[in-house]
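Just so it is clear, the structure is predicted and the values come from calculations on it, not from any experiment. Quick note on labels: first sequence line is chain A, next is B, and so on, each numbered from 1.
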Amino acid sequence: MISIDRSIIFQIINFVVLVMLLFRFLFKPVVKALDNRSQHIQDELSSIEKAQQKADETKKKYEEESKMIHQKYQEMVETANQEAAKIKSGIIDEAYREGEKIKQTHEEKARSEIQKIFSSLKTDIIDISTEMASKILSHSITPSIQDEIIDKMLDEAIIRIEAQMEVSHEQ
Amino acid sequence: MEFLTTKIYFYLGTLPVTKTVVSTWLVMGALIIASILATRHLKFIPGRWQNILEMFVEGIINMIEDMSPHNGKQLLPLVGALALFIGSANLAGLIPGLKAPTSDFNTTLALALVVFCAVPYYGVKNQGWKNYLKVYITPSPIMAPFHIISEVTRTFSLALRLFGNILGEEIVIAILFILSPLIVPVPMMLFAIFTGVIQAYIFTILTIVYLSAAIEKEDSAEG
């Protein structure tokens, strides 16, 4: 039953040949197919990972850009506000200066007008007084007539002064 | 009981071509033709048959990698061929007129001798001569003969286990066939399918154990 003969050499050769043939016709193609598939899956996974990374990077970039734009916008708003405040204070200062100038001009003008009125009044009073004196001297005047003349002259003087005042006020 | 004797058909030179050798050729031929047909049109998206084929190959690779990680593809040709050949050879005995090649001690011993030679081959290939031989003198040079004896005996035990199981099974089926040729041998034949696959699995798994031990000897020696 248990006998070892030279057919064992055949069996060893047979099995070695079988190993080689099975490797060539079965294991090699199947392992290659399995490897190709797993390689393909790995490639797909790595390309998905790459796309994900790229998307993340783009997202980050956009976020940074958005942040920068917002920051720039804030700076611009701040600068504009500062500029506006500067312009506002400039305009107000200018207005004050102009106001002061106008005020001064008008004050000076008023002062000179008053001076003019006073000098004109002075002249008028002198004229009236002179006229009064000449009239008094030229007539023999009763006291009642004298009073009448003086009243008349004074009224005339007042009317003249009022007229002068109105003219200067209008100017 | 003619299967207990080995019928010699003719001689090729001085080598006898026995019934076992012819059965081996037939099994080999069937396996190679089936392999060529199965791998003729492998597709990227596998069909039913390709799925079964891939499951078998991946199963063998996983079985190897469970015991020897990262060495699945390296050991696949030998281990896969052993599994396929022993499984097919065991089942070939159930076909009338054919003799299970594994019921001949010459076949099982030949397979065990291939494994016996493959162990140092893969050991040296992966660890180098120095590291591989160092294990034989671990923990002491006195252990070297024991290591060698252990490797020789395990080779014989591998051969005898398969031979004994398949021959015993064939004898039982033959006896039952002689006693009651009609129905009684059928359950035993069904059982033979089961034991045939189990024996192929045992031989394959033991081969993986021996090979992975040889490949990772350095690690275990250092550990």
Chemist: Identify which of B:Leu113, B:Leu82, B:Ile45 forms the greatest number of heavy-atom pairs closer than 4.5 Å to chain A.
Modeler: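 Of the options given, most contacts go to B:Leu82.
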Chemist: Atom OH of residue position B:Tyr9 - does it have more than 12 heavy atoms of other residues, nucleotides or ligands inside 6.0 Å?
Modeler: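 Enclosed.
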Chemist: A side-chain contact here means heavy atoms from C-beta on lying under 4.5 Å apart; do A:Leu21 and B:Leu31 qualify?
Modeler: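 The answer is no, as the side chains (C-beta and beyond) never meet within the 4.5 Å cut-off.
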Chemist: Of the listed residues (B:Pro46, B:Pro101, B:Ala38), which shares the most heavy-atom pairs with chain A below a 4.5 Å separation?
Modeler: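 So the answer, after comparing B:Pro46, B:Pro101, B:Ala38, is B:Pro46.
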Chemist: Using heavy-atom distances under 4.5 Å, tell me whether A:Ile9 contacts chain B through its side chain, its backbone, both, or neither.
Modeler: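 A:Ile9 touches chain B through side-chain heavy atoms alone.
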Chemist: Does a sphere of radius 6.0 Å around CZ in B:Arg161 hold more than 12 heavy atoms from other residues, nucleotides or ligands, not counting ones at 6.0 Å or beyond?
Modeler: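 Atom CZ in B:Arg161 is packed in, count exceeds 12.
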Chemist: Testing the basics here: between B:Pro77 and A:Val19, what is the closest heavy-atom pair and its distance to 0.1 Å?
Modeler: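 Between these two residues, the closest heavy atoms are O-CG1, 4.0 Å.
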Chemist: Minimum heavy-atom separation for A:Ser3 and B:Asn106, please, with both atom names.
Modeler: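 Nearest pair, atom of A:Ser3 first, then B:Asn106: O-ND2, 3.2 Å.
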Chemist: Please report the closest heavy-atom contact between B:Met28 and A:Asn14, naming both atoms and the distance.
Modeler: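 Here B:Met28 and A:Asn14 meet closest at CE-O, 3.3 Å.
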Chemist: For B:Phe10, look at atom CZ and say whether over 12 heavy atoms of other residues, nucleotides or ligands are found less than 6.0 Å away.
Modeler: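 For B:Phe10, atom CZ is crowded (more than 12 foreign heavy atoms under 6.0 Å).
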Chemist: Anything in residues 57-68 of chain B with a heavy-atom distance to chain A below 4.5 Å? Please list those residues in order.
Modeler: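 Under the 4.5 Å heavy-atom cut-off, B:Val57, B:Glu58, B:Ile61 qualify.
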Chemist: Return the CG to CG distance between A:Leu18 and B:Leu84, rounded to the nearest 0.5 Å.
Modeler: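 It comes to 8.0 Å.
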Chemist: Under a 4.5 Å heavy-atom cut-off, does chain B meet the side chain of A:Leu22, its backbone, both or neither?
Modeler: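 Contact with chain B is through the side chain of A:Leu22 alone.
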Chemist: Using non-hydrogen atoms and a 4.5 Å limit, figure out which bit of B:Leu42 sits close to chain A: side chain, backbone, both or neither.
Modeler: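 When you check distances to chain A, only side chain atoms of B:Leu42 fall under 4.5 Å.
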Chemist: Taking every non-hydrogen pair under 4.5 Å, which of B:Leu53, B:Val17, B:Thr20, B:Thr14 racks up the most with chain A?
Modeler: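 Option with the greatest count: B:Thr14.
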Chemist: Can you check whether B:Leu12 reaches A:Phe10 side chain to side chain, under 4.5 Å on heavy atoms?
Modeler: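 SC-SC contact between B:Leu12 and A:Phe10 confirmed.
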Chemist: Where along residues 35-51 of chain A does a heavy atom come under 4.5 Å of chain B, listed by residue number?
Modeler: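 Counting heavy atoms that sit under 4.5 Å from chain B, the residues of residues 35-51 of chain A involved are A:Asp35, A:Asn36, A:Arg37, A:His40.
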Chemist: Counting only heavy atoms from other residues, nucleotides and ligands, does the tally under 6.0 Å from NZ of A:Lys152 exceed 12?
Modeler: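 Not buried by this count: 12 neighbours or fewer within 6.0 Å.
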Chemist: Can you tell which part of A:Leu34 gets under 4.5 Å to a heavy atom of chain B, answering side chain, backbone, both or neither?
Modeler: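 Just the side chain, heavy atoms under 4.5 Å.
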Chemist: Checking side chain to side chain contact (heavy atoms under 4.5 Å, CB included) for the pair B:Leu78/A:Phe15: CA distance, chi angles, key distance, verdict?
Modeler: CA-CA 10 Å; B:Leu78 177 65; A:Phe15 184 69; 3.8 Å; yes
Chemist: What residues, two or more places apart in sequence or in another chain, satisfy salt bridge (Lys or Arg N to Asp or Glu O under 4.0 Å) together with A:Arg6?
Modeler: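 None.
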Chemist: Once rounded to the nearest 0.5 Å, what's the spacing between atom CD of A:Gln11 and atom OG1 of B:Thr107?
Modeler: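 Between A:Gln11 CD and B:Thr107 OG1, I get 3.5 Å after rounding to 0.5 Å.
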Chemist: So B:Leu37 and A:Phe25, side chain to side chain contact (heavy atoms under 4.5 Å, CB included) or not? Walk me through it.
Modeler: CA-CA 9 Å; B:Leu37 291 176; A:Phe25 293 115; over 6 Å; no
Chemist: Minimum heavy-atom separation for B:Val21 to A:Ser7, with atom names?
Modeler: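 Where B:Val21 meets A:Ser7 most closely, the heavy atoms are CG2-CB, 4.1 Å.
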Chemist: Can you name the residues that form a side chain to side chain contact (heavy atoms under 4.5 Å, CB included) with B:Ala200, not counting sequence neighbours?
Modeler: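 With sequence neighbours excluded, B:Ala200 shows a side chain to side chain contact (heavy atoms under 4.5 Å, CB included) to B:Ile86, B:Asn90, given in chain and number order.
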Chemist: Kindly compute the distance separating CD1 (B:Ile8) from CG (A:Asp5), expressed to the nearest 0.5 Å.
Modeler: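 Here the rounded value is 6.5 Å.
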Chemist: To the nearest 0.5 Å, how far apart are CG in B:Leu76 and NZ in A:Lys28?
Modeler: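 Here the interatomic distance stands at 13.0 Å.
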Chemist: Could you tell me which portion of B:Lys43 (side chain, backbone, both or neither) has an atom closer than 4.5 angstrom to a non-hydrogen atom of chain A?
Modeler: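 Contact with chain A: backbone only.
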Chemist: For B:Phe44, look at atom CZ and say whether over 12 heavy atoms of other residues, nucleotides or ligands are found less than 6.0 Å away.
Modeler: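 More than 12 within 6.0 Å, yes.
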